[in-house]
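Count residues from 1 along the sequence.
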Amino acid sequence: MLLVQIIGVKEVFRDASLPKVLAFVKKVFPCARFILNYRSNVQAQVASQRENNFPLPISASELYRRNKELVAFHNSNRKTTFLLPLEEFSDSKFSALLAWIGIKNCSFSRIVHANTNYQDDSEVETKGECKFSK
């Protein structure tokens, strides 16, 4: 029997030293893999911050700079990073993420859209028999 443990951490980087933080995590955890989630449309992100009274809003130019840093980190670490821009959330993108993690023989046929028109769309469906492989 193959026992697998994947530990995940979500971190929202508020400070400007993102490349240093990612380099540090990579050094301390050399087997770490990174799912780099960001919003490509920085103007929409700025508008969302404004609409939701975000306590510490980030400027469009700063968001753009941070996105460039994430993509640059990905380009330098392609085997250990997976780009996941919000605008690409889809069954196929999350199925590709499963495969990248090492989960084979399954895919998503439906994913959660918790923010879609403020509706509760909390059903997730998969196809196949999900198995982890090294």
Side-chain angles (χ1 to χ4, degrees):
M1 174 195 271
L2 176 65
L3 296 176
V4 177
Q5 183 175 18
I6 298 175
I7 299 171
V9 176
K10 178 181 180 178
E11 183 61 48
V12 178
F13 293 103
R14 297 283 318 158
D15 98 10
S17 62
L18 182 59
K20 289 180 184 177
V21 172
L22 291 171
F24 172 77
V25 172
K26 188 176 170 190
K27 184 175 182 177
V28 174
F29 301 101
C31 295
R33 299 202 290 170
F34 302 85
I35 300 169
L36 304 173
N37 178 226
Y38 61 98
R39 193 165 184 176
S40 298
N41 186 337
V42 296
Q43 295 302 330
Q45 187 169 350
V46 168
S48 177
Q49 290 177 133
R50 194 171 32 255
E51 291 167 11
N52 293 294
N53 297 316
F54 200 71
L56 298 170
I58 303 170
S59 70
S61 61
E62 178 65 10
L63 290 168
Y64 179 75
R65 184 187 66 76
R66 290 179 185 194
N67 287 355
K68 280 182 63 176
E69 289 177 348
L70 285 174
V71 172
F73 182 76
H74 168 70
N75 288 336
S76 298
N77 300 277
R78 288 190 175 269
K79 291 184 179 180
T80 58
T81 60
F82 186 90
L83 284 180
L84 186 60
L86 173 73
E87 293 81 1
E88 293 181 21
F89 280 18
S90 65
D91 300 348
S92 61
K93 188 70 171 184
F94 279 94
S95 294
L97 176 59
L98 283 178
W100 179 77
I101 290 171
I103 300 172
K104 307 294 184 207
N105 300 322
C106 74
S107 61
F108 285 101
S109 55
R110 181 181 165 113
I111 58 173
V112 173
H113 290 280
N115 232 5
T116 303
N117 300 321
Y118 304 101
Q119 298 172 356
D120 180 18
D121 185 12
S122 56
E123 294 294 319
V124 174
E125 296 174 6
T126 58
K127 296 185 288 192
E129 188 176 327
C130 301
K131 294 188 179 197
F132 183 80
S133 66
K134 286 187 170 182

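Residues Thr81 and Phe73 have side chains in contact (heavy-atom distance under 4.5 Å, counting atoms from C-beta outward). Residues Arg66 and Ile58 have side chains in contact (heavy-atom distance under 4.5 Å, counting atoms from C-beta outward).
More than 12 heavy atoms of other residues, nucleotides or ligands lie within 6.0 Å of NZ in Lys104, so this atom counts as buried by the packing criterion. Other residues, nucleotides and ligands contribute at most 12 non-hydrogen atoms within 6.0 Å of the CD atom of Glu129.
Contact between Trp100 and Lys79 at its shortest, heavy atoms only, is NE1-O, 3.8 Å. When all heavy atoms of Gly102 and Arg33 are compared, the closest pair comes out as N-NH2, 4.3 Å. The shortest heavy-atom contact between Ile103 and Cys106 is CG2-SG, 3.8 Å.
Remark: Lys93 qualifies as a cation-pi partner of Phe82 under the 6.0 Å distance and 45° angle criteria applied to the six-membered ring.
The structure places CG of Leu63 at 13.0 Å from OH of Tyr38, a figure rounded to the nearest 0.5 Å. Glu62 contributes atom CD, which lies 4.0 Å from atom CZ of Arg65 (distance to the nearest 0.5 angstrom). Note that CG of Asn75 is 11.0 Å distant from CG of Leu70, once rounded to the nearest 0.5 Å. From Tyr64, atom OH reaches atom CD of Gln45 across 14.5 Å, with rounding to the nearest 0.5 Å.
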